[in-house]
Colleague: 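I have a structure I would like to understand better, so I am pasting it below and will then ask my questions one at a time.
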Protein chains: 2
Amino acid sequence: MKIDLGSFEPRHRQLARMLRAQIEGGEYRAGQRLPSEERLQQMSGLGRTTVRRALGVLRSEGLVRTVTGSGTYVRGNQEVTMLEVGHGTVISTRVPTEEERRTLGLDEGVPVFVIQRPGEGPELLRGDTNRLVVG
Amino acid sequence: MKIDLGSFEPRHRQLARMLRAQIEGGEYRAGQRLPSEERLQQMSGLGRTTVRRALGVLRSEGLVRTVTGSGTYVRGNQEVTMLEVGHGTVISTRVPTEEERRTLGLDEGVPVFVIQRPGEGPELLRGDTNRLVVG
DNA sequence: CGGTATTTGTCCGTATGTATA
DNA sequence: GTATACATACGGACAAATACC
């Protein structure tokens, strides 16, 4: 965890980039816990704010998931449902509101589909476990 | 801006919720600037960290956009492109990586479509200005 | 079940740098 | 060039959730 102080790249992004590379490189696998924040501080020499910010970046990318009092875990590839959409359906995507996140039980970094079928009200679909197939 | 200290709801979320309501209620319109962070501190009685966190929530929801040295602005409804997708196409959505954000020139809080047409490589499409129509 | 330790969450303050007006 | 406004980074204090024994 060598952070280049003096770099143009902010320190929290440097740390996020390193952790991201380790996750994508398989050094931390799905479901596995990352080092604790205190541990990451020691490893990187950064302050608490900066370490937490780096983890926040990874959360917002949907790469990890943090559980209070427990730790930050690599978000595994979840089982995917294929959903067929028919003629005239309009599909948009956005980041859910906080309330929608609670309702759908979504972690940070997971967008939603908004499915508008002809003659029906808009339907909200979590974006992490769903794929739409044009039928 | 009356913040209930002693509430179970964290202060930054209270502030975010109030600002969100004001934006959705039309008190702050598209393109308009929100009060500066210092001003929001004065108005709410909260600390700098907390005010900034509240604005971060709104950014991650795609509701506002912050320009360094200038201010935080309400993200207007942008012009939308309708794109027709054909049979066998598979659509997924996710939060873009930092690099993809730079490449596509995206603000925070904007997810992307991943369009997989039969026999082709995956195509990335910004989610804020695109709607997919099943043809 | 309880008590303690670990780990993350919230909140505050300060200092300095950078971008914009 | 000065003033305003946001960005980065550090630190400390206490609360809340979880894990461990």
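Reminder, nothing fancy here: chain letters follow the sequence lines and each chain counts from 1. This structure is a prediction, so every number in the text was calculated from the model and none was measured.
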Colleague: Given D:dA7, is OP1 or OP2 found less than 4.0 Å from the side-chain N or O atoms of B:Arg52?
Modeller: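 Yes, within the criterion.
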Colleague: Grab the two heavy atoms, one from A:Pro96 and one from A:Val112, that are nearest each other, plus how far apart they are.
Modeller: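 Taking every non-hydrogen atom into account, CB-CG1, 4.0 Å.
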Colleague: Once salt bridge (charged side-chain N to carboxylate O under 4.0 Å, His left out) is applied, do any residues pair with A:Arg39, and if so which ones, sequence neighbours excluded?
Modeller: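 Salt bridge (charged side-chain N to carboxylate O under 4.0 Å, His left out) list for A:Arg39, sorted by chain: empty.
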Colleague: Using the side-chain hydrogen bond (donor to acceptor under 3.5 Å, both in side chains) criterion, which residues pair with B:Thr66? Sequence neighbours excluded.
Modeller: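 Once residues adjacent in sequence are excluded, the partners of B:Thr66 under the side-chain hydrogen bond (donor to acceptor under 3.5 Å, both in side chains) criterion are B:Arg59, B:Thr72.
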Colleague: Provide, to the nearest angstrom, the distance between the CZ atom belonging to B:Arg65 and the C1' atom belonging to D:dA7.
Modeller: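 Distance check: B:Arg65 CZ to D:dA7 C1' gives 16 Å.
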Colleague: Round to a whole Å and report the spacing from CD of A:Glu98 to P of C:dG9.
Modeller: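 Spelled out: CD on A:Glu98 to P on C:dG9 is 14 Å.
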Colleague: If the sugar-phosphate is the primed atoms plus P, OP1 and OP2 and the base is the rest, what is the B/S/- string for nucleotides 15-21 of chain C, using protein heavy atoms under 4.0 Å?
Modeller: ----BBS
Colleague: For B:Arg20, give me all partners under salt bridge (charged side-chain N to carboxylate O under 4.0 Å, His left out), at least two apart in sequence or on another chain.
Modeller: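 B:Arg20: salt bridge (charged side-chain N to carboxylate O under 4.0 Å, His left out) contacts with A:Glu98, B:Glu61.
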Colleague: Distance check needed: C:dT8 C1' versus A:Asp107 CG, whole Å only.
Modeller: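 Taking atom C1' of C:dT8 as the reference, CG of A:Asp107 is at 15 Å.
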Colleague: Respond yes when some side-chain nitrogen or oxygen of A:Arg53 is under 4.0 Å from OP1 or OP2 of D:dT8, and no when none is.
Modeller: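 Yes, because at least one side-chain N or O of A:Arg53 sits under 4.0 Å from OP1 or OP2 of D:dT8.
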Colleague: Could you work out, with salt bridge (charged side-chain N to carboxylate O under 4.0 Å, His left out) as the rule, every residue matching B:Glu24, not counting sequence neighbours?
Modeller: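 Partners of B:Glu24 by the salt bridge (charged side-chain N to carboxylate O under 4.0 Å, His left out) criterion come out as none, since no residue qualifies.
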Colleague: Of the nucleotides D:dC6, D:dT8, C:dT10, which one has an atom closest to the side chain of A:His12?
Modeller: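 Among D:dC6, D:dT8, C:dT10, the one nearest the side chain of A:His12 is D:dT8.
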Colleague: Mind running a 4.0 Å heavy-atom check of residues 4-11 of chain B against DNA chain C and sending the residues that fall below it, in number order?
Modeller: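 Output list: B:Pro10, B:Arg11.
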Colleague: Give the residues of residues 34-47 of chain B touching DNA chain D, defined as any heavy atom closer than 4.0 Å, sorted by residue number.
Modeller: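 Only B:Ser36, B:Glu37 qualify.
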Colleague: Among residues at least two apart in sequence or on other chains, which ones pass salt bridge (charged side-chain N to carboxylate O under 4.0 Å, His left out) with A:Arg101?
Modeller: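 Testing A:Arg101 for salt bridge (charged side-chain N to carboxylate O under 4.0 Å, His left out), a comparison that skips the adjacent residues, returns none.
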Colleague: Suppose we define a pair by two distances each less than 3.5 Å, Watson-Crick or G-U wobble; what does D:dG1 pair with here?
Modeller: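 Checking every strand shown, D:dG1 finds no partner, since no pair has both distances under 3.5 Å.
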Colleague: Output all residues satisfying side chain to side chain contact (heavy atoms under 4.5 Å, CB included) with A:Val95, sequence neighbours left out; order by chain, then residue number.
Modeller: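 Testing A:Val95 for side chain to side chain contact (heavy atoms under 4.5 Å, CB included), a comparison that skips the adjacent residues, returns B:Pro111.
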Colleague: Strictly by side chain to side chain donor-acceptor pair (under 3.5 Å), give each pair with a member in residues 49-58 of chain B just once, sequence neighbours left out.
Modeller: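 Output for this query lists B:Glu37-B:Arg52.
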Colleague: To the nearest 0.5 Å, tell me how far B:Glu100 CD sits from B:Arg126 CZ.
Modeller: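 CZ of B:Arg126 is found 13.0 Å from CD of B:Glu100.
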Colleague: Which atom pairs, one a donor and one an acceptor, fall under 3.5 Å between side chains of residues 84-92 of chain A and the rest of the protein, sequence neighbours left out?
Modeller:
residue, atom, partner, partner atom, Å
A:His87, ND1, B:Gly135, O, 3.4
A:Thr89, OG1, A:Gly86, O, 2.7

Colleague: Donor-acceptor pairs under 3.5 angstrom involving side-chain atoms of residues 113-124 of chain B: please list them, not counting sequence neighbours.
Modeller:
residue, atom, partner, partner atom, Å
B:Gln116, NE2, B:Glu120, O, 2.7
B:Arg117, NH1, B:Glu123, OE1, 2.9

Colleague: Base, sugar-phosphate or nothing for A:Thr49? Non-hydrogen atoms, less than 4.0 Å.
Modeller: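 The residue A:Thr49 makes base contact.
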Colleague: Give B:Arg33 one of three labels, base, sugar-phosphate or nothing, depending on what nucleic acid heavy atoms sit under 4.0 Å from its own.
Modeller: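 It contacts sugar-phosphate atoms only.
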